[in-house]
Amino acid sequence: MTNHTLRITAENQPTVMEKLLQVTRYRGFIVTGMTMFPESDSSLLTIELSVQSDNSIEHLQYQLNKLIDITAIKLDSDAASLCRT
Amino acid sequence: MTSKQFKSGAALLFKVLQQHDVKDVFGYPGGAIMPIYDALYDSDVKHFLCRHEQGAAFSAIGYARASGKVGVCLATSGPGATNLITGLADAMSDSIPVVAITGQVATKSMGSDAFQEVDIIGLSLACTKHSFQVRDVNDLAGILTQAFAIALEGRQGPVLVDIPKDIQLAQVEQALSLVNQKNKTDAQEPANVGSALALLNQAKKPMLYVGGGVGMAGAVTQLREFINITGMPSVATLKGLGAVNSDDDCYLGMLGMHGRKAANLAVQECDLLIAVGARFDDRVTGKLAEFAPHAKVIHFDIDQAEIGKRRGVDVAVMGDLKVNLPALAIPLAITEWQEHCQQLGKEFANDYTYLGKGIYAPAVLNEISNTLKANNQAEHTVITTDVGQHQMWTAQHMDFTDPSNFLTSGGQGAMGFGLPAAIGAQISRPQDTVIAVCGDGSFMMNVQELGTIKRYQLPVKIVLVDNSKLGMVRQWQQLFFDERYSETDLSDNPDFVALAQAFNIKAKIITEKEQVSEAIEEMLSHQGPYLLQMKIDAFDNVWPLVPPDTANDKMIESIK
Ligand SMILES: Cc1ncc(C[n+]2csc(CCOP(=O)(O)OP(=O)(O)O)c2C)c(N)n1
């Protein structure tokens, strides 16, 4: 199992968190931590998602990137090493 | 354009549908969508009343697949909406552009477990590209416009728009603003045409693996041109059938679990596999680690998430096939390999000798296909199927001139697809012949749609392949479950001829092979709807078969 942290920017839409978590689970990732807060103008969300899996994180990124309300995804490689296994 | 033209959200809905060139919709009314049905009463959009919302969803899919347009279906809240789900899942798996519009309880009742309230947004998220709930009537036009754009862009798929009843009734206040579109044209890696060309030039045994993406991209012409120029041998997936010209002697037909032996053997031998709009589905690859074991892979796709999802890729060529296929079309010196593939094709050509006494379904399906060709009718005929043995026989033994002429539930394998999909196809192409090849099990899953055929006098032809079994499951029980035939017997089927006749559909049953040619003739020349029930042996099997998790060259070809 490898840990990863994704920094995600998303439109602040009612379904976005649900869909994000659904895809993450469906593609075989366990959520180990999450923070979410709206940007100052509240039209965008910043989400930090820590996940664990044997699957390729790149593929999760590709799948999440297809979600209409997700505008940017960045893999935070430093944060990953901070997670406990 | 200002709001003054419109009365209500419901009326606006039809205005926007018309702006998107929607002429036909499929649906079923109910409480929470009544304002929309009321507005429909004054609209020029033509509505087809299906007899189950699943029928409406499959008809919208058939309409979309046969015409290349977006299919639209309507359903009420609660059970109406949940009945659409199988259709949405099918459209998601097979990348079909569909917009589903559901009524919802009024916003003030939402979240109170109101009558016929179901969280369709939550339910649909897993089987749509996107789901919208309209909370303000002034957003309605913008959301619908986005829904159509999302359904069509990139990899196509279904979108759901849930509209609460009060929003349908609300007066549109503001001028129509087409909200900023947030369509995602994903940042994709540049097409690696250079590296792909290098691999292509080195290859001695290249093989084209053609998927449903070719038809979806409208790239059949470019694919055929590519094959003409390169001379490359090819195989196709279930959804890719029709893309390659079936007369090409280097075309080996379908690959995979029930693929042709020649196709599976050649793929196992190739040194370069070029996947075009295909996704290495488990029904295609068999045991993944042993699929095309000597091949480097070039993968053409529109969806980055498919690259390397199941099989590592040497070069990905992302983007529009219409642009990328011509960029790679170079003549190749592969005569020996071409001859080898042609040889395999000849050696393992379909064989219609039948040891049984009665009707042999593969031979009948092949005869229908040949008759259509002989009548120059093939191009103007859509074949749909249900799911099971008859589906695989259709894929193996009929030729299609275009992917839009062969509609089958691929990714989901949803029984009950054939009849409603044929209805949708017939409505989108009224001049063309539409034939639904159904299994006796699957047919009963959406048999109520005979009512739709009756109502609109649709000249759909139904070929009912009747083995009085859930044949495909029965075959697996025979092969892999010690012949323990649990719950697969259908010998108490209804009288299908009487059933069809109850819907004013001309029907005939045949039991002997001598009756076949005349029955095909009669069916094809009949002006209205027609059901041809053919009784076949309950123990006929689909061959070859690659057992689960086995390499594709280890096919079973008969019962030992
Ligand atoms: C909705 C749904 N339920 C169950 C299945 C599993 N299944 C696959 S094929 C099959 C048998 C189909 O029987 P029939 O339609 O008579 O076709 P045949 O195989 O006999 O040609 C079943 C039950 C399915 N594919 N779809």
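The basis for the numbers below is simple: all heavy atoms, side chains too, and nothing from hydrogens, waters or symmetry mates. Keep in mind that this is a model prediction, so the values were computed, not measured. Residue numbers begin at 1 in each chain, while the letters A, B, ... track the order of the sequences.
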Between [X] and [Y], what is the shortest heavy-atom contact and its length?
X: Ala305(B); Y: Gln63(A); answer: CB-NE2, 3.4 Å
X: Lys129(B); Y: Ile68(A); answer: O-CG1, 4.1 Å
X: Ile307(B); Y: His59(A); answer: O-NE2, 2.8 Å

Handout entry: NZ (Lys296(B)) with more than 12 external heavy atoms under 6.0 Å
Key = no
Exercise for the section: Report the C-alpha separation of Asp69(A) and His130(B) in whole Å, then their side-chain angles, then the decisive distance to 0.1 Å, and conclude whether the side-chain contact (heavy atoms from CB on, under 4.5 Å) test is met. Expected result: CA-CA 9 Å; Asp69(A) 288 327; His130(B) 199 65; 3.2 Å; yes
Problem - Side-chain touch Lys19(A)/Thr128(B), heavy atoms, less than 4.5 angstrom - result: yes
Practice task
Evaluate the side-chain proximity of Gln304(B) to Asn65(A): yes if any heavy-atom separation is below 4.5 Å, no if none is.
Solution key: no
Exercise for the section: Using the ring-ring contact (aromatic ring centres under 6.0 Å, His included) rule, collect all pairs that involve residues 133-164 of chain B, keeping only residues at least two apart or in two chains. Expected result: His20(B)-Phe148(B)
Problem - Contacts of type ring-ring contact (aromatic ring centres under 6.0 Å, His included), residue Tyr209(B), not counting sequence neighbours - result: Phe280(B)
Exercise for the section: Using non-hydrogen atoms and a 4.5 Å limit, figure out which bit of Leu125(B) sits close to chain A: side chain, backbone, both or neither. Expected result: both
